[in-house]
Amino acid sequence: MERQWRGVLIWSVIGLAASWYALIGAVQTVYRWFPNEPVTLLLGCGLTVISLVGLVRASRRGPWWGLIPATVSVIAVAWGLVADSTLLLLGLTIPGFY
C-alpha cells in the first residue's frame, strides 16, 4: 500500500515539473538551454505525454486521496501540452513563425 501512494505522489511531482517545463518552454527561459524552438516544444510535448501516462497508471492503483494531487497535475500537464502542441503546430504550418 505504501508503494502505491508513493507512486501517485512521485508521478504528481513529475507531472508538475513537466508542465512547468512545457509552459515555461513555450513562453520564456528554456530557450537559453535549447536555442532551437521546435526541439524545445517537442521535448515539452514528450515529457507531458510521458507524465500523463504515468499519472493515469499510478492513479488507478493508488488510494482515493491520491486523486487530488494527480488531478492537479493532470490539469497542469494538459495546459502545458496544449500550449506546446499549439505553438509547434503553428510553427510547422506558418512559414517564419519561429
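Index from 1, following the sequence.
When side chains are defined from C-beta on, Pro69 counts as touching Leu9, because their heavy atoms get closer than 4.5 Å. Contact of the Trp65 side chain with the Val8 side chain is not registered, since no non-hydrogen atoms from C-beta on lie closer than 4.5 Å.
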Could you list the donor-acceptor pairs under 3.5 angstrom formed between side-chain atoms of residues 46-55 and any protein atom two or more places apart in sequence or on another chain?
| from | atom 1 | to | atom 2 | distance (Å) |
| --- | --- | --- | --- | --- |
| Thr48 | OG1 | Gly44 | O | 3.1 |
| Thr48 | OG1 | Cys45 | O | 2.8 |
| Ser51 | OG | Leu47 | O | 3.2 |
| Ser51 | OG | Thr48 | O | 2.9 |

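Cluster partners of Ile68, using a side-chain heavy-atom cutoff of under 4.5 Å among ILVMFWY residues and allowing indirect links: none.
No donor-acceptor pair closer than 3.5 Å links the side chain of Ser59 to the backbone N or O of Val56.
Closest approach of Val77 to Gly15, counting heavy atoms only: CG2-O, 3.1 Å.
For Ile75, the side-chain contact (heavy atoms from CB on, under 4.5 Å) partners at least two apart in sequence or on another chain are Thr71, Trp79.
Linking ILVMFWY side-chain heavy atoms closer than 4.5 Å, directly or via other members, places Trp20 and Ile14 in two distinct hydrophobic clusters. Taking hydrophobic clusters as Ile, Leu, Val, Met, Phe, Trp and Tyr residues chained together by side-chain heavy-atom distances below 4.5 Å, Leu67 does not share a cluster with Ile10. Residues Leu81 and Leu87 fall into different hydrophobic clusters, defined by Ile, Leu, Val, Met, Phe, Trp and Tyr side chains chained together at heavy-atom separations under 4.5 Å.
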